[in-house]
Participant: 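First, the structure itself, so that you have it in front of you.
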There are 2 protein chains.
Amino acid sequence: MENARKRLESKGIRPTYQRMAVLSFLLGNRTHPSVEDIYEELLRDIPTISKTTVYNTLQMLSGNGLVSHLNIFDSQSRYDGFTEPHHHFLCESCGKLIDLMIKCPNAKIGCVMGHKINEVHGYFKGICKDCLKKERRR
Amino acid sequence: MENARKRLESKGIRPTYQRMAVLSFLLGNRTHPSVEDIYEELLRDIPTISKTTVYNTLQMLSGNGLVSHLNIFDSQSRYDGFTEPHHHFLCESCGKLIDLMIKCPNAKIGCVMGHKINEVHGYFKGICKDCLKKERRR
DNA sequence: ATGACTGCAAAATATTTGCATATTC
DNA sequence: GAATATGCAAATATTTTGCAGTCAT
């Protein structure tokens, strides 16, 4: 929670308990949770928290670059507290969303084709290593 | 329409008028339309077409690789009839979604970190060339 | 005639908004 | 006490589903 508080303060955001809880959960969690996931989890500690607050907070956090908003699933947002440049891999067989520690070479200079880059989003869909192994065993 | 028919047949999909119309629109259109956009446009030619059919068709077409499904906007799908590998750029100032004719170097060999790649999704958000110019003029 | 396709209406899901209450400085 | 944050309920938007009617072979 202290880490979360510091990060919020560094952006001039008032570190309310709810905001710290949301950010803290994302910082300690590399599962790329949905809003529902985050809400369910926080309910255990803060029985009065509302989904509206979770939505508000996530919007504010991603607007400030403290978390990333992932549009990988067709109609559900996911959030990522790990904001170092990286890509994702969605396995179409087991559904796992895997972090890939690779960067986009095209974004190195902060712009592409004359356009200024603020965010880089890269993800792949396919069959993950583990599912490939399972397939071969058959 | 003939081009669309051929592509449908090549995938073993029955080329109904509705399906040809959806695919044909996407092939002749590089605007990355939403379902609503496509529906509105097709209504002019096919006053009885339903949004359900548009949804069904788009799902089938993207499942067969005839069009791409873009998850760039937060809660609205966009579709792209241009399926050569390329990336996109979303301008946060003017809202334009621009095609970038660049490929993902990480995907060259068809897999990343041992995972088999079926789809590559790369997009950037930022300020486009034109909006940067306008900013400078001030 | 059979199976596939279409389209309407209703349902499900995700997200946003309006507003009253509560909290913080 | 003024400004900000929270939380409930209602509204909106998008997508999916169930099903009856239609079309094509």
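Just so we're clear, the structure is a prediction, and the values are computed from it rather than from any experiment. Convention: sequence-line order gives letters A, B, ...; per-chain numbering from 1.
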Participant: If you only use heavy atoms from C-beta on, which nucleotide in C/dG7, C/dC5, D/dT16 is closest to the side chain of B/Gln59?
Facilitator: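 When the side chain of B/Gln59 is considered, D/dT16 is the closest of C/dG7, C/dC5, D/dT16.
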Participant: Does either side chain, that of A/His115 or that of B/Asp130, offer a donor lying less than 3.5 Å from an acceptor on the other one?
Facilitator: no
Participant: Kindly point out which of C/dT6, C/dA14, D/dA5 is positioned nearest to the side chain of A/Thr16?
Facilitator: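 Nearest to the side chain of A/Thr16 among the choices is D/dA5.
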Participant: What nucleotide, of C/dA14, C/dA4, C/dT6, holds the atom closest to the side chain of B/Arg14?
Facilitator: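 Of C/dA14, C/dA4, C/dT6, C/dA4 is nearest to the side chain of B/Arg14.
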Participant: With nearest nucleotide decided by heavy atoms, which residue, B/Thr57 or B/Asp74, maps closer to the 5′ end of DNA chain C?
Facilitator: B/Thr57
Participant: Can you tell me if B/Lys125 has over 12 outside heavy atoms packed within less than 6.0 Å of its NZ?
Facilitator: yes
Participant: Between the base of C/dC8 and the side chain of B/Thr52, is one N or O donor paired with an acceptor at under 3.5 angstrom?
Facilitator: yes
Participant: For a quick test of reading the model: is some side-chain N or O of A/Ser77 closer than 4.0 Å to OP1 or OP2 of C/dT15?
Facilitator: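 It does, given that an N or O in the side chain of A/Ser77 lies less than 4.0 Å from OP1 or OP2 of C/dT15.
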Participant: Judged by each residue's nearest nucleotide on DNA chain C, which is more toward the 5′ side, B/Ser75 or B/Thr48?
Facilitator: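 Looking at DNA chain C, the more 5' nearest nucleotide goes with B/Thr48.
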Participant: May I ask you to say what B/Ser34 touches in the nucleic acid, namely base, sugar-phosphate or nothing, with a heavy-atom cut-off under 4.0 Å?
Facilitator: nothing
Participant: Using a cut-off of 4.0 Å on non-hydrogen atoms, how would the nucleic acid contact of B/Glu36 be classed: base, sugar-phosphate, or nothing?
Facilitator: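 Touches nothing.
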Participant: So, A/Asp80 versus A/His86: side-chain donor-acceptor pair below 3.5 Å or not?
Facilitator: yes
Participant: Relative to the ring of A/Phe124, is the ring of A/His87 parallel (under 30°), tilted (30 to 60°) or perpendicular (over 60°)?
Facilitator: tilted
Participant: Compare side-chain N and O positions of A/Gln18 against OP1 and OP2 of D/dG7 and report whether any pair is under 4.0 Å apart.
Facilitator: yes
